[in-house]
Amino acid sequence: MAKEAWGRWGVEDEAGAPNRIGREQVRLAASLVRTGQVISLAQPLSPASPVPQHRTGLQHFMGRDGGDYAAGAKRPGGFQFAEDTVLLPLHLGTHVDALCHAWCEDHLYNGFPGSTIRSTTRALRCGAEKLPPMVTRGLLLDLVALRGEKLPGNASIGREELQQAARRLGTEPGEGDAVLIRTGWQEAQQPGVIPDFTREPGIDTGAAEWLAESGVALVGADNYAIEVLPFPAGTVFPVHQRLIRDYGVPLLEGLVLQPLVEAGAGIFLFVAAALPLVGATGSPVNPLAVL
């Protein structure tokens with residue numbers, strides 16, 4: 001079994017590569033702020049949010065609304081309020097994959113057994129609550145700018161192309177960085193049209209290994225699964241296996257990156273935090289770039 005990062009932060013570690021973000025990384029990332037502009041990198045969430053067929057969509061219910069008062073609900077002291085409930089798959093829209101989301105050979109990241117994930121107990125190891133808040137340097141590796149067009153479905157991005165995109169920024173991914181990859185997949189989707197979740201441009205395992213070996217804390221992209229779809233012959237989610245399971249690198253999927261391009265930002269303060277959902281395999285997030 002490959003286990004490149006297993007034991008690096010102790011045999012009981014469940015946070016993985018985000019451990020690379022120390023106080024020095026936070027301090028240096030904060031020094032990147034120049035204008036104070038804050039950009040959200042998240043998709044809006046609603047019952048119209050597209051979702052693969054094997055998942056349920058978002059459901060939004062109002063528990064108290066204006067209709068209750070129109071029907072005669074009491075208004076003590078004139079006070080009125082509304083409240084609601086949302087049911088949603090955790091791997092919807094812009095979200096982070098926890099380290100219990102994907103594994104192989106019956107072992108999760110750091111060697112924890114796959115049997116620790118049960119429907120009755122949720123994930124006993126590597127759940128979303130184990131991911132620390134991430135405040136670090138963000139790098140936008142813009143493959144659309146590099147190629148001069150949005151990448152077509154099933155376009156594979158290798159190590160060399162990522163290195164070229166990094167050279168365009170004048171830097172290299174380093175210790176504790178959050179690397180965000182723009183493929184143009186999200187921008188190419190048409191409003192009201194369900195995306196083809198079986199074909200997308202994405203990175204291959206060589207590119208994934210280069211990022212992990214560079215010491216990054218997080219890898220994100222503007223696509224559905226980070227990696228190229230369909231998978232290379234004879235493999236199933238090979239990038240998920242390498243980054244999540246072998247290197248302990250969480251994946252941030254479904255990013256909206258065009259606003260960063262419009263702002264001319266390639267290096268910035270990046271901020272994101274998973275909801276501390278105990279035993280969850282992922283979490284919705286609203287990642288921020290501070291310029």
Side-chain angles (χ1 to χ4, degrees), residues 25-26 28-46 48-50 92-96 133-153 155 157 161-174 176-197 199-203 207 211 216-228 250-273 284-291:
Q25 281 72 31
V26 175
L28 291 174
S31 73
L32 297 171
V33 176
R34 294 290 181 267
T35 69
Q37 180 183 1
V38 180
I39 298 175
S40 169
L41 309 178
Q43 301 176 41
L45 293 176
S46 78
S49 296
L92 172 75
T94 307
H95 65 276
V96 63
M134 287 172 268
V135 180
T136 191
R137 185 176 77 150
L139 302 180
L140 175 63
L141 299 189
D142 192 343
L143 276 297
V144 176
L146 183 68
R147 292 199 184 188
E149 62 180 1
K150 298 181 183 71
L151 278 62
I157 302 165
E161 271 199 299
L162 284 190
Q163 291 171 337
Q164 292 174 19
R167 284 195 290 270
R168 285 172 58 92
L169 281 181
T171 189
E172 293 286 330
D177 285 345
V179 172
L180 313 183
I181 301 166
R182 181 185 179 219
T183 69
W185 186 82
Q186 194 67 241
E187 299 161 34
Q189 304 309 313
Q190 299 299 314
V193 178
I194 297 176
D196 181 356
F197 288 106
R199 281 177 73 85
E200 69 167 22
I203 62 174
L211 290 171
V216 304
L218 174 77
V219 175
D222 62 350
N223 55 13
Y224 161 60
I226 306 294
E227 56 192 296
V228 62
L251 303 182
L252 181 55
E253 299 168 340
L255 287 164
V256 178
L257 296 177
Q258 193 167 8
L260 270 182
V261 177
E262 293 169 353
I267 304 175
F268 45 88
L269 169 62
F270 174 86
V271 180
V285 288
N286 183 13
L288 304 176
V290 186
L291 311 186

Can you see which heavy atom on Ala217 is nearest to which on Gly176, and at what distance? CB-O, 3.7 Å
Check Lys150 against Ala188 and note the closest heavy-atom contact, atom names and distance. CD-CB, 4.1 Å
Value for CG (Leu143) from CH2 (Trp185), rounded to nearest 0.5 Å, stands at 16.0 Å
Side chain Gln164, main chain Leu146, donor-acceptor under 3.5 Å: no
For a side-chain contact (heavy atoms from CB on, under 4.5 Å) check, start with the C-alpha distance between Gln258 and Gln186, then their side-chain angles and the critical distance, and finish with the verdict. CA-CA 9 Å; Gln258 193 167 8; Gln186 194 67 241; over 6 Å; no
Hey, which of Leu139, Val179, Thr136 is the one that makes side-chain contact (heavy atoms from CB on, under 4.5 Å) with Val216? Val179
Indicate the atoms forming the closest heavy-atom contact of Ile157 with Ala207, along with that distance. O-CB, 3.6 Å
Atom pair CD1/CZ of Ile39 and Phe268 - distance to nearest 0.5 Å: 8.5 Å
Just wondering, are more than 12 heavy atoms of other shown residues or ligands nearer than 6.0 Å to CD in Gln190? no
Working to the nearest 0.5 Å, report the span between CG of Asp177 and OG1 of Thr171. 7.0 Å
Closest approach of Pro173 to Ala166 (non-hydrogen atoms, all atoms of both residues): CD-CB, 4.1 Å
Kindly compute the distance separating CD (Gln43) from CG (Leu92), expressed to the nearest 0.5 Å. 7.5 Å
If you count the non-hydrogen atoms of other residues, nucleotides and ligands that lie under 6.0 Å from CD1 in Ile194, is the total more than 12? no
Nearest 0.5 angstrom please: Ile181 CD1 to Leu211 CG, how far? 5.5 Å
Checking Thr94 side chain against Val285 main chain: does a donor-acceptor pair fall under 3.5 Å? no
Atom of Asn286, atom of Leu41 and distance for their closest heavy-atom approach: OD1-N, 4.3 Å
side-chain contact (heavy atoms from CB on, under 4.5 Å) partner of Leu269, the single match among Val290, Val38, Leu288, Leu291: Val290
Going by an N to O cut-off under 4.0 Å, is there a salt bridge joining Arg182 and Asp222? no
Got a donor-acceptor contact below 3.5 angstrom from the Glu200 side chain to the Ala225 backbone? yes
Would you indicate whether the side-chain heavy atoms of Glu253 and Ile226 approach each other to under 4.5 Å? yes
Go through Leu140 and Val261 one step at a time and tell me if the side-chain contact (heavy atoms from CB on, under 4.5 Å) criterion holds. CA-CA 9 Å; Leu140 175 63; Val261 177; 4.0 Å; yes
Distance (rounded to the nearest 0.5 Å) between Leu141 CG and Arg167 CZ: 11.5 Å
Show the nearest heavy-atom pair for residues Arg137 and Gly174, with the distance to one decimal. NH2-N, 4.1 Å
